[in-house]
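Owing to the predicted nature of the structure, the values given are computational and were not obtained by experimental measurement. Start at 1 and go down the list; that is how both ligands and their atoms are numbered. Any value given below was found using the heavy atoms of this structure, including those in side chains, with hydrogens, waters and symmetry copies removed.
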Amino acid sequence: MSTTPEASPAPSTPDQNGDQSMSKTIEWNPESWRNLIAKQQPIYTDQAKLDDVLGRLATLPPLVTSWEIENLKKNLADAAEGKLFVIQGGDCSENLDECSTESIVRNLKVLMQMSLVLMYRSMKPVVRIGRVAGQYAKPRSKDTETRDGVTLPVYRGDIINRSGFTEQERMADPDLLMKGYERSALTLNFIRALCAGGFADLHHPENWDLGYFSTSTESNRYQELVHSIGEALQFMETVANASISQLESVDLFTSHEGLHLTYEQSLTRQVPRRDGWYNLSTHFPWIGDRTRDLDGAHIEYFRGIKNPIGLKVGPTMKTDELKKVCDVLNPENESGRLMLIHRFGVEKIGEHLPRLIQAIKSSGQNVVWCSDPMHGNTFSTSEGIKTRHVDQIQKELLSGFEIHRAEGSVLAAAHLELTGDNVTECVGGARDLKESDLSRAYKSQVDPRLNYEQAMEMSFMIAEQIQKQ
Ligand code: PEP
Ligand code: CO
């Protein structure tokens, strides 16, 4: 059953939270968030057109299923216990015009290669979650942008408006919601077909070769590893006299920031023989650091859906506040339900992470810890180009692993912005990219991503750390 955004569906997950101070006394339903302040939402001028698009979206088929979602939740529960590692990665922001064979395959290849490195080096299963098939809405620090004296609404991601600097392009356009849904479906359809059709077969990692890097150090390291894996698989299969079926293929879950609540609501559905409501636009939606107010609309929406969810946690998160948010988002303290994605920046992680880990440990709240070493380490060059330094990204990741080890906790996941494209957006790394290299191939419209080599470097480093856990 689906709900139109305007209907008031019967609430199915009554509030279980007894703490009156958390102001979660209203009954949840897919649109109960509308009673609260929703930050970072676009303003549409044509309400009739918006209603029409939302009505149509609410009747279209879901993009993912509740089985897949529940399966991911189980995996995340295992990750919290250190039984497997989760790698979440992809573009900062997907682009409607770049929904192409090449870009989907390249990003998938990097994630496959990274997870192969992680699995083989750490000897642990790895679950992949792409920032893909719906990562179209972006939180911004300002509502407007001024260029040469002209001020226009800021670009908020391709599902909302366009990045070109004209009034027309910066208007929030309801048609883009439908386009975003459709592009997500096209992307997911292709990923599913690739994964089901042999692309993800571990016996054929040559499928994941990204030709243009065949001469790089990271690629050589990777090729050596592929060779050893091939031999190991063959050996195990000879000994077992069977193929290693569990290893035969790997799959990919999807994720995006659940920022645009009207869109998320239109894909929030009930399914037969299961209680509650699922966001069926993605397996794993997350709440951004800018929209995680305890009394805000995002927390309200997210608390009622059944999906496993992520919460970005930056340096301004207070210790008590985190405990309260976790209570609201995971009232039954379900394991695998809530991932805390910390993103402090290399300078601040030492100050903030220990206090938050200690608080969560002492309250006995079940969470899956994830490090996002990207979003706290962004800076602008003297020419005003947004970038990140690979050294700082690595250092924050490393500190994350060390702090979790010291606190007796498990860092179960890493969240990275990356691409299989040969971009020059982050400085440093094996090729020691300089600020002067950035203009050569800077394609991101929002945050700078790791390129293939930089991402592979990161996976070798993460693998070493997982071994140590
Ligand atoms: C993001 O993940 O692209 C993002 C905006 O992150 P954060 O909410 O952590 O700033
Ligand atoms: Co980003």
Under 2.8 Å from the Co ion (ligand 2), how many protein N/O/S atoms do you get? Just the number, please.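 Near the Co ion (ligand 2), the number of protein N, O or S atoms below 2.8 Å is 4.
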
Where ligand 1 meets [X] - atom numbers and elements under 4.0 angstrom, heavy-atom basis:
{"X": "R343", "value": "7 (P), 9 (O), 10 (O)"}
{"X": "W286", "value": "2 (O)"}
{"X": "R131", "value": "1 (C), 2 (O), 3 (O)"}
{"X": "R290", "value": "10 (O)"}

Can you tell me which residue and heavy atom of the protein come closest to [atom], and the distance to 0.1 Å?
{"atom": "atom 3 (O) of ligand 1", "value": "K138 NZ, 2.7 Å"}
{"atom": "atom 8 (O) of ligand 1", "value": "D289 N, 2.8 Å"}
{"atom": "atom 1 (C) of ligand 1", "value": "H375 NE2, 3.0 Å"}
{"atom": "atom 6 (O) of ligand 1", "value": "K312 NZ, 2.9 Å"}

Check: W286/Q88 side-chain N/O donor and acceptor closer than 3.5 Å: no

Side chains of D91 and Q135: donor-acceptor distance under 3.5 Å anywhere? no

Salt bridge [X]-[Y], side-chain N to carboxylate O under 4.0 Å:
{"X": "K323", "Y": "E321", "result": "no"}
{"X": "E300", "Y": "R303", "result": "yes"}
{"X": "R192", "Y": "E68", "result": "yes"}
{"X": "E407", "Y": "K361", "result": "no"}

Fit a plane to each ring of [X] and [Y], take the angle between them on a 0 to 90° scale, and name the class: parallel (under 30°), tilted (30 to 60°) or perpendicular (over 60°).
{"X": "H352", "Y": "F344", "result": "parallel"}
{"X": "F401", "Y": "F85", "result": "parallel"}
{"X": "H342", "Y": "H404", "result": "parallel"}

Which is closest to atom 5 (C) of ligand 1 in terms of heavy atoms, P139, G288, A137?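 The nearest heavy atom belongs to P139.
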
Under 3.5 Å between any N/O of D372 and any N/O of ligand 1: does that happen in this structure?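 Not met; the criterion fails.
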
Report yes or no: does E417 have a heavy atom closer than 4.0 Å to ligand 1? yes

For residues 166-195, which residue pairs pass the ring-ring contact (aromatic ring centres under 6.0 Å, His included) check, not counting sequence neighbours?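 Residue pairs passing ring-ring contact (aromatic ring centres under 6.0 Å, His included), neighbours aside: none found.
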
For L261 and E31, what are the C-alpha separation, side-chain angles and deciding distance, and is it a side chain to side chain contact (heavy atoms under 4.5 Å, CB included)? CA-CA 9 Å; L261 292 176; E31 60 178 350; over 6 Å; no

